[in-house]
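Scroll down for the structure; my scribbles are underneath it.
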Amino acid sequence: MPDDAPSIVLLVAANARKGGLLPRSETNIRATLKNFVVAVAPGEGALANDEGKPVVVGCGSLVPMNATLVELRSLAVDERVRGAGVGQRIVACLIDLARQRKFGTLFALTRAMRFFEKCGFVPAPKEFFPEKVWRDCVACPMLANCDEVAMVLPLSSEDDNVRVGLAGARAPDPAREKAIPLQVVSKMQAAQEATGMNAREPVNRVVLAYSGGLDTACAVPWLRENYGCEVICFVADVGQGGDFEAIKRRALDSGAADCIVEDVREEFANEYLFPLIQSGAIYEGKYLLGASIARPLIAKHQVDLAARLGADAVAHAATGKGNDQVRFELSYMALNPRLKVIAPWREWHIRGRDDAIAYAREHNIPISQSLERIYSGDRSLWHKSAEGGSLEDPWREPDAGLYSMTVAPEQAPDEPEYVEIEFLCGLPKKVNGKSMGGAELIAALNEIGARHGVGRADLVENRLIGIKSRGVYETPGGAILREAHQGLEELTLDRDTLHFKQMVALRYAELIYNGQWFTPLRDAIQAFVMVTQRDVTGTARVRLFKGSATLVGRKAAYSLYREDLATFLRDDVYNHHDAEGFIRLYGLSMRVKAQVDLNRAARVAPLDVPGGEGRD
């Protein structure tokens with residue numbers, strides 16, 4: 001079968017540029033391709049092409065809102081065949097398809113009222129479609145100036161009852177028919193709750209980001225009980241270790257239909273961690289972004305799995321107070337905005353880890369947490385972190401047991417160890433002369449650094465949502481890599497590039513911390529960083545001793561360092577007299593300003609000020 005997705009992308013993009021549609025990515029279109037119909041015409045005449053192949057001249061899709069309501073979306077027609085009835089034929093096909101799938105109501109949001117009236121649709125208040133409002137309209141960037149009208153087509157004799165049910169048995173507000181601001185959404189939700197209706201959209205299958213920890217363990221039975229859906233647990237192996245078979249058994253015992261584990265360690269190292277090192281990003285001077293950098297990768301594979309399995313929702317068990325909820329959901333939004341997102345912590349009755357522990361015990365879910373040991377942790381190839389529990393007192397020293405990846409610095413060997421890391425274009429390739437893959441290299445540095453207590457950090461950080469939170473982090477391999485890479489950049493980057501890159505690194509760190517990995521700005525900064533890395537090729541030597549990683553040597557193939565210029569010994573390269581003219585020119589503006597200030601002081605000095613006699 002021909003691949004219609006690229007043609008659909010072009011059609012939708014052409015109509016989006018004219019303001020008729022919102023743009024859709026190829027990834028999004030491919031994920032919903034089974035819901036599209038296309039109109040194809042021979043590649044002749046005005047549609048002629050070099051290969052003489054048939055041309056996709058129109059498209060449209062169905063987007064289910066629930067078991068009875070479906071939206072007609074992405075109706076687009078090639079400008080070269082407008083007026084030939086292509087749009088009407090596509091709509092007719094979509095109507096037939098909606099009837100075959102047993103939907104009760106078909107609707108569209110559009111400015112083309114007359115066209116849809118010709119197709120049998122009638123105007124209706126947009127408030128009759130709360131699913132559409134909650135899912136799409138609230139987040140639409142054009143909401144404030146929206147002039148679309150809802151057009152509806154009953155597909156069964158029971159349609160009137162369906163519409164009344166969807167509207168929550170409320171009369172529409174005519175003043176709100178052309179726009180649905182947030183306050184109206186709140187009123188609609190309140191009205192449904194008052195009438196005892198379940199405001200949750202039906203979900204058939206959900207892919208849950210699963211770790212086997214307390215929160216995700218509770219999420220499985222909760223999703224089944226509250227959404228009546230099939231739960232597929234997804235575990236990303238980002239180097240956290242553990243018994244994945246035991247994790248799968250726990251998920252299945254909790255009620256999951258399946259638990260899928262994918263090894264993404266190499267992708268994590270090469271496509272996320274190494275670009276992070278190249279950027280020089282570090283959050284608030286201490287945090288090497290261990291949890292932050294893993295979330296977009298996990299979300300990406302979660303969305304891909306949802307597309308493969310035909311899931312209509314994704315879920316995570318991040319709390320409503322933390323950063324991870326934002327990181328997951330911004331990634332979902334960037335990769336497939338059509339997926340419904342379920343965040344149990346924002347819906348369920350559980351208000352704290354003590355409630356979660358009680359819920360797990362009620363549902364016979366085996367957990368390791370207890371009321372005496374309520375810590376939240378994260379571990380990956382890159383780091384280990386802990387927060388909560390006794391750490392919530394910022395004056396209290398972290399318990400020794402919280403550090404399980406590194407030895408205490410005072411217990412580290414009494415002799416230093418030296419490690420040499422070779423880089424090619426800013427990418428680490430060898431450790432002590434041995435070539436390694438990305439994940440293997442980081443694991444090797446973790447092992448070396450951990451035995452010297454390297455990479456510990458105790459940080460009270462500023463979360464995105466405005467809360468300060470304390471965490472302890474262990475990133476031994478990352479700390480060594482950062483020190484080594486920074487040392488090579490000292491040799492290979494010119495002053496202006498290095499200083500500008502340091503400023504950019506602060507913004508890059510914020511983007512990662514705030515969950516904005518899949519954004520144009522992050523891509524643009526990454527492109528800049530890649531240019532700066534072209535000459536970062538060489539070797540750095542790092543000394544590890546009692547918790548410290550100190551750069552003690554570096555050499556580079558394209559070093560800008562010249563010993564004959566830098567030396568304090570006698571040389572015949574640098575003329576010291578050149579400095580005098582340079583300093584006079586460099587300080588010219590300062591000298592002019594000082595002269596003006598002296599003249600101003602002379603004019604305003606009072607006569608009775610000692611030393612002021614004789615001034616005018």
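Here the structure is a predicted model, which is why all the values come from computation and not from measurement. We count residues from 1, following the sequence as given.
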Open item on the list: Could you measure the distance from the CG atom of L289 to the OH atom of Y508? Nearest 0.5 Å is fine.
Closed with: 9.5 Å

Task: Heavy-atom side-chain proximity of F268 to S380 below 4.5 angstrom - done: yes

TODO: Assess whether side-chain contact (heavy atoms from CB on, under 4.5 Å) is satisfied between R80 and L47, documenting all intermediate values.
DONE: CA-CA 8 Å; R80 295 171 292 180; L47 300 174; 3.5 Å; yes

- [ ] Considering only NZ, NE, NH1 and NH2 on the basic side and carboxylate oxygens on the acidic side, decide whether R507 and E510 come within less than 4.0 Å.
- [x] yes

TODO: Please report the closest heavy-atom contact between P275 and N270, naming both atoms and the distance.
DONE: CD-O, 3.4 Å

TODO: Looking only at non-hydrogen atoms, find the nearest pair between S74 and S61 and report the distance.
DONE: CB-OG, 4.0 Å

Task: V38 and S7, any side-chain heavy atoms less than 4.5 Å apart - done: no

TODO: Enter the distance from L75:CG to N15:CG here, rounded to the nearest 0.5 Å.
DONE: 8.0 Å

Open item on the list: Would you compute the distance between atom CG of L33 and atom CD1 of I8 and round it to the nearest 0.5 angstrom?
Closed with: 5.0 Å

Open item on the list: Under the side chain to side chain contact (heavy atoms under 4.5 Å, CB included) test against R295, which residue among D378, I512, V238 passes?
Closed with: D378

Open item on the list: Check whether N514 reaches the backbone of Q516 with its side chain - one donor and one acceptor, N or O, closer than 3.5 Å.
Closed with: no

Open item on the list: Donor-acceptor check, side chain of Q302 to backbone of V207, threshold 3.5 angstrom: yes or no?
Closed with: yes

- [ ] Measure up the F328 and H316 rings against each other and bin them: parallel (under 30°), tilted (30 to 60°), perpendicular (over 60°).
- [x] parallel

TODO: Decide side-chain contact (heavy atoms from CB on, under 4.5 Å) for L335 and K300; before the verdict, give the C-alpha distance in whole Å, the side-chain angles of both, and the deciding distance to 0.1 Å.
DONE: CA-CA 7 Å; L335 298 171; K300 172 180 175 289; 3.9 Å; yes

Open item on the list: Determine whether a donor-acceptor pair (N or O, by modelled atom type, separation under 3.5 Å) exists between the side chain of R89 and the backbone of A39.
Closed with: no

TODO: Give a yes or no on whether R522 atom CZ has more than 12 heavy-atom contacts from other residues, nucleotides or ligands under 6.0 Å away.
DONE: yes

TODO: For the residue pair F121 and I95, establish whether any side-chain heavy-atom pair is separated by less than 4.5 Å.
DONE: yes

Task: Pairwise distance CZ(R99) to CG(L97) - rounded to 0.5 angstrom - done: 11.5 Å

- [ ] Work out which heavy atom in A269 is nearest to a heavy atom in A439; give both atom names and the distance.
- [x] CB-N, 3.6 Å

Task: Distance under 6.0 Å and angle within 45° of ring axis: R327 vs Y513 - done: yes

Task: Nearest heavy-atom neighbours spanning Y332 and A315 - done: OH-O, 3.6 Å

Task: Distance in Å, I260 CD1 paired with F234 CZ, rounded so as to fall on 0.5 Å steps - done: 8.5 Å

- [ ] Determine whether R250 and T216 make a side-chain contact, defined as any pair of heavy atoms from C-beta on separated by less than 4.5 Å.
- [x] no

- [ ] Would you check, one step at a time, whether the test side-chain contact (heavy atoms from CB on, under 4.5 Å) holds for W345 with D215?
- [x] CA-CA 9 Å; W345 266 100; D215 296 336; 3.4 Å; yes

Open item on the list: Minimum heavy-atom separation for F36 and C59, please, with both atom names.
Closed with: CD2-CB, 4.3 Å

Task: H383 side, atom NE2; I293 side, atom CD1 - distance, nearest 0.5 Å - done: 11.0 Å

Task: Side-chain donor or acceptor of D312 paired with backbone N/O of R205 under 3.5 Å - done: yes

Open item on the list: Using side-chain contact (heavy atoms from CB on, under 4.5 Å), reason through S292 and N323 one step at a time and then give a plain yes or no.
Closed with: CA-CA 8 Å; S292 312; N323 301 302; over 6 Å; no

Task: Derivation of the ring pair (Phe, Tyr, Trp, His ring centres under 6.0 Å) call for Y272 and W517 - done: CA-CA 10 Å; Y272 291 78; W517 179 267; 4.9 Å; yes

Task: V63 backbone acceptor or donor facing R73 side chain under 3.5 Å - done: no

Task: For the student: nearest non-hydrogen atoms of S331 and P296, plus distance - done: OG-CA, 3.6 Å

Task: Heavy-atom donor-acceptor pair, R463 side chain to K321 backbone, under 3.5 Å - done: yes

Task: Any donor-acceptor N/O pair, Q325 side chain to A318 backbone, under 3.5 Å - done: no

Task: Beyond-backbone contact of L153 with L155, side-chain heavy atoms, under 4.5 angstrom - done: yes

- [ ] Compare all side-chain heavy atoms of W222 with those of I350 and state whether any distance is below 4.5 angstrom.
- [x] no

TODO: With the side chain counted from C-beta on, respond yes when I525 and S279 share a heavy-atom pair under 4.5 Å apart, and no when they do not.
DONE: no

- [ ] Determine whether L72 and F116 make a side-chain contact, defined as any pair of heavy atoms from C-beta on separated by less than 4.5 Å.
- [x] yes

Task: Test item: E230 side-chain N/O and N204 main-chain N/O as donor-acceptor pair under 3.5 Å - done: no

